There are 2 protein chains.
Amino acid sequence: MSKVELNDKKIQILEVAEKLFSEKGFEGTSIRDISKMAKINIAMVSYYFGSKERLLEALLLYKTSDLKLQIELLLHENLEPLDKVNKLIEIYINRINCNRGIYRILHFELTSKKREENLAAFTELKKGNLKSLETIVKEGQSKGIFRKDVIIPLITPTIMGTFFHFHMNKPFFEELLNLNTETLYNDYIKNSLTKHIQQTIKALLVYEN
Amino acid sequence: MSKVELNDKKIQILEVAEKLFSEKGFEGTSIRDISKMAKINIAMVSYYFGSKERLLEALLLYKTSDLKLQIELLLHENLEPLDKVNKLIEIYINRINCNRGIYRILHFELTSKKREENLAAFTELKKGNLKSLETIVKEGQSKGIFRKDVIIPLITPTIMGTFFHFHMNKPFFEELLNLNTETLYNDYIKNSLTKHIQQTIKALLVYEN
DNA sequence: GTTTAATTTAAACGCTTGTTTAATTTATTT
DNA sequence: AAATAAATTAAACAAGCGTTTAAATTAAAC
């Protein structure tokens with residue numbers, strides 16, 4: 001069996017690694033933790049991926065492949081600008097929420113280190129997504145629906161940032177909002193939090209003084 | 001000399017710890033790193049703070065002690081609700097921007113429940129700040145200025161999250177917005193980013209369908 | 001069925017970690 | 001000046017780390 005392709009066992013390791021990295025951080029997670037939870041021998045990580053660092057690389061590539069496509073598809077749908085924005089928010093939140101771990105790593109773990117070869121691919125992804133958002137917003141502006149003094153590159157930080165801050169303070173909000181179970185927590189994100197972000201961005205885009 | 005109070009040497013250790021924690025994370029920073037950079041003996045950290053975990057605790061308390069006071073002062077100022085919200089945002093952003101390191105730690109390291117329990121004091125701080133925000137918003141609602149279907153606990157995530165996402169993607173926005181120098185970057189935060197957040201929250205609070 | 005390759009394993013490697021010890025230096029008090 | 005307390009140090013500690021080894025097991029090829 002090849003060591004480059006992703007077989008079931010490698011994927012299993014990646015899934016466990018994502019879970020643990022997102023819970024305890026990259027440095028805070030040991031290969032022994034991973035191998036124990038994935039029920040494989042410690043040496044298998046090195047055997048499959050070469051090193052812990054290369055495991056992280058493989059994990060990033062594994063998880064960040066098809067978001068761009070999803071957004072570009074939305075771009076060409078026949079929808080009103082506001083509906084497109086709302087759907088974009090939904091895609092973003094759902095996407096990040098389903099891949100919490102990897103986005104946590106991307107935003108916090110990777111920025112602290114000097115991993116520019118990995119960041120380059122990710123930067124291109126971000127630029128493309130911003131371009132898509134710009135297209136949607138300018139469409140709404142030219143239709144006279146959206147106001148024109150909005151700084152478009154700062155919209156994404158508000159969307160993503162709101163989610164991240166919420167999720168990063170998970171224990172705090174779990175207690176505050178009585179989200180005792182994982183289901184309750186996920187439902188709150190899917191409904192209330194997503195709605196809050198949509199409401200916020202809508203207000204920002206269409207509100208007139 | 002007492003071990004509880006903060007003398008110059010303890011403060012020196014805390015400053016170094018903040019710098020290294022923010023650069024390399026909590027797990028990624030060793031006590032040897034800290035002691036080397038602070039030019040003290042390895043044992044001094046344990047001697048002064050007891051453990052690495054308690055050093056983090058001391059660091060958090062050291063850096064987040066007077067924010068609560070600052071916000072409670074604002075609460076009793078004679079200002080319109082919207083002006084209070086705007087000033088609150090200004091306080092938050094300025095505050096976080098001046099203490100980037102520590103807030104990075106807070107977001108990055110405090111996600112695990114286990115650690116959150118150790119830092120109950122900080123949770124209380126957050127609750128108090130939320131209470132203050134609630135007071136301001138409800139004041140605006142009772143005056144008929146703010147809409148009433150806003151989820152107040154989600155306002156802070158939008159304020160803080162927007163800043164954090166921006167700052168976490170510093171290299172990306174530096175290139176995108178041509179913020180070539182540190183001064184340009186800081187000015188952008190102080191002016192454009194802060195204004196964007198204020199504009200967003202204002203729209204969220206006063207926008208009517 | 002034998003040979004060859006791929007997978008899996010337990011054990012050990014060298015190194016770093018956070019913390020503790022006990023001795024020494026420095027400062028304070030009597 | 002002597003006695004006591006505080007600060008600082010080098011060294012050692014056990015535990016955990018990522019990684020490597022070499023042997024054992026399983027699968028594939030001939």
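Everything quoted here is computed from the prediction, not taken from an experiment. Every heavy atom of this structure was used, including side-chain atoms; hydrogens, water molecules and symmetry mates were not.
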> What residues, two or more places apart in sequence or in another chain, satisfy side-chain contact (heavy atoms from CB on, under 4.5 Å) together with Ile31(A)?
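Partners of Ile31(A) under the side-chain contact (heavy atoms from CB on, under 4.5 Å) test: Ile42(A), Val45(A), Lys52(A).
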
> With sequence neighbours excluded, tell me which residues meet side-chain contact (heavy atoms from CB on, under 4.5 Å) with Lys127(A).
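With sequence neighbours excluded, Lys127(A) shows a side-chain contact (heavy atoms from CB on, under 4.5 Å) to Thr123(A), Glu124(A), Phe172(B), Glu175(B), given in chain and number order.
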
> Between dT20(D), dT17(C), dT9(D), which nucleotide gets closest to the side-chain atoms of Ser46(A)?
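Nearest listed nucleotide: dT20(D).
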
> Can you tell me if Lys9(A) touches the phosphate of dT8(C), counting only side-chain N or O atoms and a distance under 4.0 Å to OP1 or OP2?
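Yes, within the criterion.
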
> Among residues at least two apart in sequence or on other chains, which ones pass ring pair (Phe, Tyr, Trp, His ring centres under 6.0 Å) with His196(B)?
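Applying ring pair (Phe, Tyr, Trp, His ring centres under 6.0 Å) to His196(B) gives none.
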
> Identify whether the distance between the nearest side-chain nitrogen and carboxylate oxygen of Lys19(B) and Glu23(B) falls below 4.0 Å.
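Salt bridge between Lys19(B) and Glu23(B), a charged N being under 4.0 Å from a carboxylate O: yes.
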
> Between protein and nucleotides 11-14 of chain D, what N or O pairs are separated by less than 3.5 Å?
none

> What is the separation between atom CG on Leu55(B) and atom C1' on dG18(C), rounded to the nearest whole Å?
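To the nearest whole Å, that distance equals 12 Å.
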
> Counting side-chain heavy atoms from C-beta on, which of dT8(D), dT19(D), dT8(C) comes nearest to Tyr47(B)?
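For Tyr47(B), the side-chain atoms sit closest to dT8(D).
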
> What pairs of nitrogen or oxygen atoms, one from the protein and one from nucleotides 25-28 of chain C, lie under 3.5 Å apart?
none

> Ile40(B) CD1 to dA6(D) P: how many Å, rounded?
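Rounded to the whole Å, the gap is 20 Å.
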
> Starting at atom NZ of Lys36(A), determine the distance to atom C1' of dC17(D), rounded to an integer number of angstrom.
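So the NZ-C1' distance, Lys36(A) to dC17(D), works out to 14 Å.
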
> Within the 4.0 Å heavy-atom criterion, would you say Ser35(B) contacts the bases, only the backbone, or no part of the nucleic acid?
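Counting heavy atoms under 4.0 Å across all strands, no contact is made by Ser35(B).
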
> In this structure, which stretches of DNA chain D are paired as stems of three or more consecutive Watson-Crick or G-U pairs, both distances less than 3.5 Å?
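Stem list for DNA chain D: C:1-30 with D:1-30.
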
> Taking only the side-chain heavy atoms of Ser30(B) (C-beta and beyond), determine which of dT9(D), dT19(D), dT17(C) contains the nearest atom.
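Nearest nucleotide to the side chain: dT17(C).
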
> Taking side-chain hydrogen bond (donor to acceptor under 3.5 Å, both in side chains) as the test, write out the residues that go with Glu15(A), two or more places apart.
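With sequence neighbours excluded, Glu15(A) shows a side-chain hydrogen bond (donor to acceptor under 3.5 Å, both in side chains) to Tyr62(A), given in chain and number order.
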
> Apply ring pair (Phe, Tyr, Trp, His ring centres under 6.0 Å) to Phe166(A) and list each qualifying residue two or more places apart in sequence or on a separate chain.
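So Phe166(A) forms a ring pair (Phe, Tyr, Trp, His ring centres under 6.0 Å) with Phe173(A), Tyr185(A), Tyr188(A).
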
> Please enumerate all residues that pass side-chain contact (heavy atoms from CB on, under 4.5 Å) together with Lys9(B), with sequence neighbours excluded.
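Per chain and number, Lys9(B) pairs via side-chain contact (heavy atoms from CB on, under 4.5 Å) with Asn7(B), Gln12(B), Ile40(B), Tyr48(B).
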
> Looking at Arg147(B), is its backbone amide N or carbonyl O close enough to the side chain of Gln141(B) to form a donor-acceptor pair, meaning the two atoms are under 3.5 Å apart?
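A pair under 3.5 Å: yes.
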
> Is there any side-chain hydrogen bond (donor to acceptor under 3.5 Å, both in side chains) pair reaching into residues 85-99 of chain B, and which pairs are they, with sequence neighbours excluded?
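Sorted result for residues 85-99 of chain B: Asp66(B)-Arg95(B), Glu77(B)-Lys87(B), Asn97(B)-Arg100(B).
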
> Which residue pairs satisfy the salt bridge (charged side-chain N to carboxylate O under 4.0 Å, His left out) criterion with at least one member in residues 31-45 of chain A, sequence neighbours excluded?
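Those involving residues 31-45 of chain A are Lys24(A)-Asp33(A).
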
> Who pairs with Lys131(A) by salt bridge (charged side-chain N to carboxylate O under 4.0 Å, His left out), at least two apart in sequence or on another chain?
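Residues passing salt bridge (charged side-chain N to carboxylate O under 4.0 Å, His left out) with Lys131(A): none at all.
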
> Ignoring the backbone of Tyr48(B), work out which of dG18(C), dT8(D), dG18(D) is nearest its side chain.
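The nucleotide sitting nearest to the side chain is dT8(D).
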
